[in-house]
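Quick note on labels: first sequence line is chain A, next is B, and so on, each numbered from 1. This is a predicted model, so every value here is computed, not measured.
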Amino acid sequence: MARFDHAYREIGDHENIRQIYVYEAPMRLWHWLNAAVVVALVATGYLIGTPLPSYTGDPSTVYVMGWIRFVHLAAGYLFAVLWVMRIWWAVVGNNFARQLFIPPIWSKRWIDGLRYQIAWNLFLVKEPRRYSGLNPLAHIAMLTIYLVPSVVLLVTGFGMLAEVAGHDSWQYHMFGWMRDFAVNTMDLHTIHRASMWLVALFVMVHIYTAVREDIVSRQSMVSTMLSGYRLFKDRRGPDE
Amino acid sequence: MKNGMSTKKTFYEVITEQGIPRREFLKFCAVTAVTMGLGPGGHEVLAKALETKPRLPVLWIHGLECTCCSESFIRASHPLAKDIILSMISLDYDDTLMAASGFQAEAILEEITTNYKGNYILAVEGNAPLLDDGMACIVGGRPFTDQLLETARHAKAVIAWGTCASFGCVQAAKPNPTKATPVSKFVKDKPVINVPGCPPIAEVMAGVLSYILTFDRLPELDRQGRPKMFYGQRIHDKCYRRAHFDAGQFVEAWDDDGARQGWCLYKLGCRGPTTYNACTTIGWNDGVSSPIKSGHGCIGCSEDGFWDRGPFYERVPDMAQFGIEANADKIGLGAMAGLGAAMAAHAGVTATRRALGGRDKDKETEDQDGQG
């Protein structure tokens with residue numbers, strides 16, 4: 001447990017640390033590739049449910065919906081592959097790579113940090129705490145409105161793909177059970193779409209918070225996902 | 001009538017007695033073999049089975065239903081097919097179609113279940129309402145649930161005709177006031193073949209029965225218990241308007257130019273992408289048309305719970321949990337707008353606070369950094 005705890009490590013005010021190497025190159029690569037894939041998925045996914053105005057012309061040469069679906073399905077496969085890579089890296093990478101998957105709800109300090117972080121976002125406390133990895137609030141948000149919807153999107157997505165690919169496909173053998181779960185496959189579409197909106201909401205919150213925290217918090221945010229280093233702006237030790 | 005029981009005869013003997021020529025018989029075999037996807041020589045296998053095997057006693061009972069399955073069935077498209085089918089399956093009991101009535105009719109049930117123990121097919125049209133011991137559906141003075149269980153006990157297999165029997169259909173739609181229950185969830189100890197559709201296609205119904213008779217086994221079923229040969233493909237994948245879907249050409253309103261040009265009905269709620277049936281391959285009324293062919297989207301009538309996945313004319317279905325008019329898009333867009341406003345306010349407060357008091361501290365910090 002201490003091993004996982006390390007990633008949350010709150011950097012106490014007495015600690016004189018300038019920077020910590022947090023995100024290794026595969027993590028950063030995953031983040032940005034994933035960002036691109038998610039944007040493509042949400043954009044094309046939205047258009048599959050509520051298509052563009054009709055395109056005139058002969059259907060032998062016009063393939064608008066076909067291409068939108070192609071991009072969506074291709075990006076969907078990439079999304080799945082990226083998650084597999086991400087999980088693999090969580091196993092072999094540093095502590096910060098596996099932090100997301102295990103919230104230390106057993107840790108009192110973490111729960112206290114969660115309360116504090118909420119208070120900070122409600123302007124109730126003057127100064128945020130410093131964290132090396134994800135702060136507890138960011139962690140909860142990432143888990144509930146990104147990781148969980150992502151998994152739901154993946155299984156419902158492949159469940160629907162199984163319908164397209166047919167009864168003899170590997171997609172059907174692997175995800176055909178989604179049929180039993182969903183009663184009517186229309187439900188897979190509805191769940192998939194609702195989860196898409198959750199992810200879209202996450203993207204909004206994520207970008208806003210990352211930029212805001214970069215400005216007002218005591219550490220770097222956006223650049224950390226570029227360079228991998230978490231920089232701490234102030235260093236106030238007990239001796240100062 | 002040597003045996004005294006007409007059911008001991010082969011199907012072929014029965015139809016020749018009725019004056020149906022062999023040519024018509026072979027035509028029926030050919031058409032049915034093709035709809036079953038039996039491949040070359042399939043019609044010969046079918047013909048041989050119908051000539052040599054004793055015909056299949058079928059009890060056709062009716063629960064909570066509208067009789068649209070029977071109506072569809074007696075309109076099987078091929079000429080004389082209705083005679084062929086009706087004699088083939090020796091509809092020994094069908095309270096809608098049989099001449100007998102009253103005690104005489106009910107006696108047949110008893111007779112078949114005793115004489116053909118384990119060797120007759122039970123076809124169920126409609127489902128059983130379980131509320132109040134089945135009081136919502138009384139047949140011959142007793143709850144339909146009793147009749148269903150008694151006849152199913154010695155059946156070889158049970159065929160659930162239509163979406164009512166297969167999945168519940170309209171009487172099982174929310175809030176399902178009579179607790180209408182699909183056959184497969186009520187009869188647990190017998191194989192149940194679901195042949196959904198509201199109604200199912202006549203050729204599909206004939207095909208399922210012919211298959212059982214010909215091969216003496218049940219057809220391969222999918223996860224929903226439906227014969228794969230007829231329910232293995234989506235309407236969408238076989239739709240003749242699919243090219244317009246891929247092109248992104250949609251009917252936007254029922255009277256627009258796209259509707260006249262036969263574009264895709266997806267935007268007007270067509271359920272083709274989520275519906276498995278043979279409508280687009282076999283067609284209705286002798287293959288004359290099908291819902292999409294006649295300009296109306298598929299409503300997904302052969303899918304479980306299709307009544308609760310409305311509205312039929314919108315692509316993104318309602319999410320009743322969030323209010324009557326809500327769907328995923330309205331909720332999602334609403335949440336985004338709300339969140340956007342909250343974020344703007346939050347950013348505003350952050351900026352104001354920094355402008356009012358945060359600056360000095362920042363300078364201090366910079367100074368410290370400069371020193372350190």
[atom1]-[atom2] distance between [X] and [Y], expressed to the nearest 0.5 angstrom:
| X | Y | atom1 | atom2 | value |
| --- | --- | --- | --- | --- |
| B:Phe245 | A:Arg69 | CZ | CZ | 5.0 Å |
| A:Phe70 | B:Asp246 | CZ | CG | 13.5 Å |
| A:Trp197 | B:Asp329 | CH2 | CG | 5.5 Å |
| A:Phe202 | B:Leu339 | CZ | CG | 12.0 Å |

> Got a sec, which residues hit side chain to side chain contact (heavy atoms under 4.5 Å, CB included) with A:Asp187, two or more places apart in sequence or on another chain?
Replying inline: A:Ala182, A:Val183, A:Asn184, B:Arg309

Choice from [options] maximising heavy atom contacts with chain B below 4.5 Å:
| options | value |
| --- | --- |
| A:Thr209, A:Ile191, A:Val216 | A:Val216 |
| A:Thr61, A:Val205, A:Ile68 | A:Val205 |
| A:Pro59, A:Gly57, A:Gly66, A:Ala200 | A:Pro59 |
| A:Tyr63, A:Trp67, A:Tyr46 | A:Tyr63 |

Should we say atom [atom1] of [X] is surrounded by more than 12 heavy atoms from elsewhere, each under 6.0 Å from it?
| X | atom1 | answer |
| --- | --- | --- |
| B:Lys179 | NZ | no |
| B:Trp254 | CH2 | yes |
| B:Lys228 | NZ | yes |

>> Looking at every heavy atom in both B:Ala328 and A:Ala194, which two are closest together, and how far apart are they?
In response: CB-N, 4.1 Å

> What are the two closest heavy atoms between A:Arg212 and B:Thr350, and how far apart are they?
Replying inline: NE-OG1, 2.8 Å

>> Does any backbone or side-chain atom of A:Ile48 lie under 4.5 Å from a heavy atom of chain B? Answer side chain, backbone, both or neither.
In response: both

>> Please classify the contact of A:Arg179 with chain B as side chain, backbone, both or neither, using a heavy-atom distance under 4.5 Å.
In response: both

> Aromatic rings B:His346 and A:Phe123: how do their planes relate, parallel, tilted or perpendicular, breaks at 30° and 60°?
Replying inline: tilted

Which atoms of [X] approach chain A - backbone, side chain, both or neither, heavy atom under 4.5 Å:
| X | result |
| --- | --- |
| B:Ala347 | both |
| B:Gln224 | side chain |
| B:Arg242 | side chain |
| B:Arg234 | side chain |
| B:His236 | neither |
| B:Glu252 | side chain |
| B:Phe167 | neither |

> Do you know which of A:Arg193, A:Met186, A:His189 makes side chain to side chain contact (heavy atoms under 4.5 Å, CB included) with B:Val316?
Replying inline: A:Arg193

> Under 4.0 Å between a Lys/Arg side-chain N and an Asp/Glu carboxylate O for B:Arg223 and A:Glu163?
Replying inline: no

>> Sort by residue number and list every residue of residues 49-56 of chain A having at least one heavy atom under 4.5 Å from chain B.
In response: A:Gly49, A:Thr50, A:Pro51, A:Leu52, A:Pro53, A:Ser54, A:Tyr55, A:Thr56

> When heavy-atom pairs shorter than 4.5 Å are enumerated against chain A, which of B:Trp263, B:Phe306, B:Tyr266 gives the highest number?
Replying inline: B:Tyr266

> Of all of B:Lys267, B:Glu303, B:His244, which one pairs up most often with chain A through heavy atoms under 4.5 Å apart?
Replying inline: B:Lys267

